[in-house]
Amino acid sequence: MSNDAYTLASEAAAALHNAAGLDTFDVALVMGSGWVPAADAIGETVREIPFIELPGFQAPAVAGHGGKIRVVRTSSGRHALVFLGRTHLYEGLGVDAVVHGVRTAAAAGVRTVVLTNAAGGLRPETQSVGDPVLISDHINLTGANPITGTTFIDLTEVYSRRLRALVREIDPTLAEGVYVAFRGPTYETPAEIRMLRTLGGDMVGMSTVLEAIAAREANLEVLGISLVTNPGAGLSGEPLNHEEVLEVGRATATRMGVLLAKVVDRL
Ligand code: 6GU
């Protein structure tokens with residue numbers, strides 16, 4: 001075992017190849033809160049491997065984050081690694097733990113990663129609760145970065161234009177937006193939400209951006225999709241809670257699952 005984050009990801013990938021009995025995977029999907037119920041629609045389960053059986057993975061701390069990798073065979077015969085749960089920066093395990101899944105997927109041979117999340121909507125004028133929104137770009141306000149050292153990485157097109165166009169061919173009604181990430185675990189104040197609207201944000205959450213950066217470092221093509229589960233604080237007058245995030249996920253599971261299944265089949 002090694003302390004180096006990239007070596008640890010290679011060890012996890014080897015364990016994954018072993019456990020799955022496959023030597024390559026086509027795509028990885030990270031299912032955020034609210035998205036786990038949609039996972040069943042992606043394809044047929046080949047195997048499930050609990051995170052705790054793989055080097056470097058942590059058992060998730062939060063309800064709605066399942067804590068295992070499901071190996072799925074899609075209807076077109078592709079193999080997907082479906083991460084049922086992710087580690088968040090607010091858990092305090094550090095940035096390497098947050099991006100370990102993406103680095104493991106890259107080391108396992110994946111070329112494309114689909115990052116999903118539940119997000120607060122910053123544009124209630126045009127967004128409805130339960131709408132998926134394609135992430136066109138992000139603003140990283142977590143204060144963290146998965147890359148250390150002097151490797152300068154271009155982030156001009158973190159979220160692949162090609163993949164966004166492909167998803168809009170499947171569902172032309174989908175909007176695009178800029179995802180802003182805070183560290184959490186608090187939701188934002190109404191003043192912060194007003195700030196984010198001024199800054200050009202469209203959705204706000206606590207995940208995805210660090211994984212997307214790590215994926216670009218590994219040269220993976222990234223697709224990001226937010227499920228808007230509630231308006232940001234102060235926009236609706238209602239207080240926010242995690243249970244409502246999960247409830248919107250359950251209510252939209254079929255639509256999100258069908259969308260993801262079509263996406264992975266067309267990659
Ligand atoms: Cl309003 N904020 C953050 N940071 N994460 C969320 C959210 C809001 N709604 C769902 N997830």
Side-chain angles (χ1 to χ4, degrees), residues 29-39 60-66 83-93 95 97-99 114-146 158-159 174-213 224-253 255-256:
L29 298 99
V30 179
M31 308 305 274
S33 8
W35 285 82
V36 170
V62 183
H65 295 269
F83 288 73
L84 300 174
R86 58 152 57 96
T87 295
H88 295 81
L89 199 59
Y90 58 68
E91 292 171 56
L93 299 168
V95 70
V98 172
V99 302
V114 180
L115 302 172
T116 68
N117 61 52
L122 298 172
R123 309 282 164 193
E125 321 83 80
T126 54
Q127 293 164 339
S128 306
V129 162
D131 278 354
V133 180
L134 293 173
I135 302 176
S136 58
D137 202 349
H138 76 220
I139 299 175
N140 176 12
L141 297 182
T142 66
N145 197 298
V158 178
Y159 303 90
L174 289 188
E176 295 198 358
V178 173
Y179 177 83
V180 188
F182 275 117
R183 182 182 196 282
T186 52
Y187 293 115
E188 298 69 34
T189 64
E192 287 164 345
I193 293 293
R194 289 194 297 274
M195 173 186 80
L196 298 183
R197 282 167 57 89
T198 305
L199 292 180
D202 298 300
M203 300 84 79
V204 59
M206 308 175 194
S207 69
T208 304
V209 301
L210 303 175
E211 292 151 294
I213 292 169
I225 315 177
S226 289
L227 173 64
V228 175
T229 54
N230 50 270
L235 297 178
S236 76
E238 296 292 319
L240 310 183
N241 68 82
H242 188 60
E243 189 44 48
E244 112 189 278
V245 171
L246 300 183
E247 182 48 42
V248 173
R250 285 190 286 271
T252 58
R255 181 178 177 200
M256 300 310 139

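Counting starts at 1 for both ligands and their atoms, in listed order.
In terms of protein heavy-atom proximity, atom 5 (N) of ligand 1 is nearest to G205 CA, 3.4 Å. At the shortest separation from atom 11 (N) of ligand 1 among protein heavy atoms lies A118 O, 3.6 Å. Nearest to atom 2 (N) of ligand 1 among the protein's heavy atoms is E188 OE1, 2.7 Å. The protein heavy atom nearest to atom 7 (C) of ligand 1 is G120 N, 3.3 Å.
Using a 4.0 angstrom heavy-atom cutoff, G184 does not count as in contact with ligand 1. Within the structure, the closest approach of F182 to ligand 1 does not fall below 4.0 Å when heavy atoms are considered.
Contacts between N117 and ligand 1 below 4.0 angstrom, taking non-hydrogen atoms only, are absent altogether. At a heavy-atom cutoff of 4.0 Å, ligand 1 is contacted by the side chain of L240 but not by its backbone. By the criterion of a heavy-atom distance under 4.0 Å, the backbone of A119, and not its side chain, is placed next to ligand 1. At a heavy-atom distance under 4.0 Å, atoms from both the backbone and the side chain of V204 approach ligand 1.
A distance-only check finds a donor-acceptor pair linking the side chain of Y179 to the backbone of S207 [under 3.5 Å]. One N or O on the side chain of W35 and one on the backbone of N117 form a donor-acceptor pair closer than 3.5 Å.
In plain terms, the two heavy atoms of V248 and T229 that are nearest each other are CG2-O, 3.5 Å. A pairwise comparison of heavy atoms in G143 and N140 identifies N-OD1, 4.3 Å as the closest pair.
If you take CG on L84 and CG on L29, they are separated by 10.0 Å, rounding to the nearest 0.5 Å. Interatomic distance, OG1 of T208 versus CD1 of I135, reported as 5.0 Å (0.5 Å rounding).
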| task | Apply side-chain contact (heavy atoms from CB on, under 4.5 Å) to the pair L240 and V245, showing each step before the final yes or no. | result | CA-CA 9 Å; L240 310 183; V245 171; over 6 Å; no

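In terms of N/O distances under 3.5 Å, ligand 1 is not approached by T186.
The pair E243-R250 meets the salt-bridge criterion, since a charged nitrogen lies less than 4.0 angstrom from a carboxylate oxygen.
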